[in-house]
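Labels below follow one simple rule: chain letters A, B, ... track the order of the sequence lines, proteins then strands, and each chain is numbered from 1.
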Amino acid sequence: MLLQVRHLSAAYAGVPALHDVSLDVGEGQIVALIGANGAGKTTTLRTISGLLRPERGEIAFRGQRLAGQPAHRIAELGIAHVPEGRRLFSRLTVRQNLLVGAHSPRARAGEDAAMERVLTMFPRLRERADQRAGTLSGGEQQMVAIARGLMLGPALLMLDEPSLGIAPKLVDEIFTTIRAIAREGTTILLVEQNVRESLELADHAYVLQTGSTIADGTGAEILASDLVRRAYLGI
Amino acid sequence: MTGFARSRPGGWLPVAATLSALVVFPLVVDDGSWLNTAVLVLLYAGLAQAWNILGGFAGQISLGNAAFFGIGAYTSTVLLDRWNVSPWLGMPIGAVIAAGFAVAVFFPFFRLGGHYFAIATIALAEILLILFTNWAFVRGARGMTIPFVRGPDRRPTDSWAFLQFNESRVPYYYVVLGLAVLAVAIAIAVERSKLGYYLRAIKNDQQAARSLGVPVLRYKLIAVAISAAVSAVFGTFYAQYLLFIDPETTMRLELSVLIALVAILGGVGTVVGPLLGALVLIPLSEVTRSQLAGSGNTLDLVLYGGLIMLIAVFQPNGLVAVGDRVRRRRRAVRPAGDGAERGDAPLVGAPGAGD
């Protein structure tokens with residue numbers, strides 16, 4: 001297992017957000033995390049990437065314990081977190097945004113190769129490399145955010161709502177990109193409100209409810225389950 | 001708006017012209033009070049440039065930078081006074097001490113957010129002021145006088161070795177010009193380096209920078225160390241320029257505020273901003289003071305404060321933005337979205353923005 005999370009609980013300033021989250025992400029997989037608003041999907045990602053300290057529970061990445069380590073250490077170990085809402089540095093150019101993503105010593109060593117790789121993957125970003133990130137369209141900004149995460153050369157890429165606020169015709173493009181990234185060997189942990197698309201994409205999926213993982217299975221199984229059909233697909 | 005400072009076709013011409021004008025200035029203007037104003041402009045340009053590295057690039061607003069200035073002034077002066085060490089040596093020593101002090105003190109300060117950070121920096125400079133006022137080793141509130149360097153005829157003379165000029169003040173001008181150029185060079189180097197991207201990323205969205213694995217605290221500490229070291233260098237210069245320092249002249253709150261004001265009114269986060277700010281604000285304060293003060297009224301401060309308010313209201317992005325606006329008008333219409341990127345608001349956070 002690349003990533004193992006066991007009985008994780010976390011809180012924001014005393015307000016509990018996660019109660020009991022357990023999940024496994026295998027090497028090379030696409031794993032989706034679905035659930036209603038406020039179920040703790042974003043919090044789970046934030047806790048894994050070290051932005052939030054877990055109260056209890058274990059997180060292991062390639063057998064190394066992550067809980068309590070600072071965010072930049074976790075990034076150096078090979079986990080990239082693409083936050084919800086893209087969070088680009090709007091006043092920096094696209095290229096500068098990407099360079100900030102290649103912060104860790106290892107990433108800096110392979111920076112030119114990584115830059116070439118992501119600009120080949122997103123040709124539109126090559127055209128716009130010296131443009132300020134804030135001037136791009138929402139879809140282009142999401143591509144920068146994903147590319148910025150890839151600049152780290154991560155073993156695990158965590159995507160938080162990559163299709164949020166994107167024009168519908170671009171959503172498919174985003175999902176195609178995610179599939180392409182996975183095919184190149186990067187493991188993906190995906191949080192999405194676009195339940196059907198993400199379950200169709202995922203090898204494995206977890207359902208999160210009020211801070212706990214309550215079900216898991218292959219993407220197809222979860223998609224077919226009554227729980228998901230009723231709660232999220234409205235069928 | 002960093003674009004203003006970045007080299008573009010013909011970008012070196014105005015730089016060369018400005019530098020030549022600054023070099024010939026004392027040869028053309030043979031007037032003590034104008035020379036003094038010019039020295040102060042360059043001094044504040046350098047101090048504001050130092051402030052800008054932390055406050056402008058990294059977005060950490062300090063209202064206590066006079067502390068670093070004071071440490072520089074006192075370090076070189078104590079070394080000179082006690083052990084006859086040349087200020088040229090005292091200058092880098094002061095810079096190193098100020099940087100070390102800054103890192104130690106700002107380490108906990110950076111845990112504070114927004115306004116609380118600014119308040120802590122005010123407290124820092126005030127505490128230092130009180131400490132120095134009561135510290136016998138540095139002669140407390142009486143301050144320290146730097147003894148004249150005397151020639152063979154026992155009259156005060158000029159000495160490059162001890163950074164003291166009594167016959168003509170012009171060499172002081174060239175020294176501070178050199179230091180200001182150094183400060184600008186450091187700011188440009190920071191702006192164009194990865195450090196500059198990291199600092200601006202932190203200012204833009206600290207959470208996002210952290211989620212990418214940028215060690216935010218480390219880069220803020222590097223920024224404050226550079227800011228403190230550069231400020232301290234100007235402190236040493238100021239001590240040699242006045243040949244007298246006391247806690248009030250080197251560490252008072254007004255000094256910290258003025259340093260920040262020069263950078264903010266000029267244009268935060270740009271290299272040109274602090275220079276413009278100093279060029280406008282310092283002569284303004286000197287002129288209003290010499291023309292309007294004196295009879296005990298404070299009309300000069302009223303006018304000075306009023307002008308600051310006018311700039312703040314009509315040019316909230318600083319004087320740099322005037323140049324931007326003129327150029328934009330010349331270039332006529334630009335693609336949409338240009339207005340949106342201007343503000344500090346995390347435009348990218350808004351769902352659907354630009355789609």
Side-chain angles (χ1 to χ4, degrees), chain A residues 45-46 49-51 70-93 95-104 107-108 111 131-142 144-145 148-149 151-152 154 158 160-161 164-168 170, chain B residues 1-4 6 8 56-59 113 191-220 222 267-270 317 324 334-355:
Chain A
L45 297 194
R46 288 173 54 85
S49 68
L51 292 175
H72 63 91
R73 275 289 300 146
I74 292 171
E76 277 167 25
L77 290 173
I79 299 182
H81 181 181
V82 179
E84 183 180 347
R86 309 186 278 273
R87 309 286 288 258
L88 296 189
F89 308 117
S90 55
R91 298 170 145 238
L92 297 184
T93 65
R95 190 186 302 279
Q96 289 168 346
N97 265 279
L98 297 178
L99 287 174
V100 174
H103 176 273
S104 79
R108 249 181 290 185
E111 183 182 285
Q131 204 168 317
R132 290 196 183 206
T135 64
L136 303 188
S137 77
E140 289 167 337
Q141 290 192 9
Q142 186 60 57
V144 178
R148 193 176 59 176
M151 287 297 288
L152 191 67
M158 301 196 298
D160 195 351
E161 305 278 15
L164 188 71
I166 306 290
L170 285 174
Chain B
M1 288 271 103
T2 46
F4 194 62
R6 215 165 285 141
R8 35 176 213 283
F57 293 151
E191 189 193 30
R192 297 188 178 178
S193 68
K194 293 239 179 87
L195 172 63
Y197 306 159
Y198 298 148
L199 294 179
R200 280 148 69 201
I202 290 168
K203 175 187 180 179
N204 205 166
D205 190 337
Q206 181 164 319
Q207 275 291 327
R210 282 187 64 209
S211 78
L212 291 171
V214 175
V216 169
L217 179 63
R218 188 190 306 165
Y219 286 111
K220 284 182 183 172
I222 293 172
V268 165
T270 67
N317 287 316
D324 281 345
R334 281 197 37 178
D338 186 59
E341 63 166 321
R342 181 159 284 282
D344 272 320
L347 142 90
V348 288
D355 245 337

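Neither the backbone nor the side chain of A/A80 comes within contact range of chain B; no heavy atoms are under 4.5 Å apart. Neither the backbone nor the side chain of A/A107 comes within less than 4.5 Å of any heavy atom of chain B. When heavy atoms are compared at a cutoff of 4.5 Å, A/E111 approaches chain B solely by way of its side chain, counted from C-beta outward.
Counting heavy-atom pairs closer than 4.5 Å to chain B, the top residue among A/H103, A/R46, A/H81, A/R73 is A/H103.
Considering every non-hydrogen atom in both A/F89 and B/A208, the closest pair reads CE2-CB, 4.0 Å. B/R192 approaches B/Y197 most closely through the heavy-atom pair O-OH, 3.8 Å.
Remark: A/E84 engages no residue in a salt bridge (charged side-chain N to carboxylate O under 4.0 Å, His left out) (not counting sequence neighbours). Partners of A/R108 by salt bridge (charged side-chain N to carboxylate O under 4.0 Å, His left out), not counting sequence neighbours: none found.
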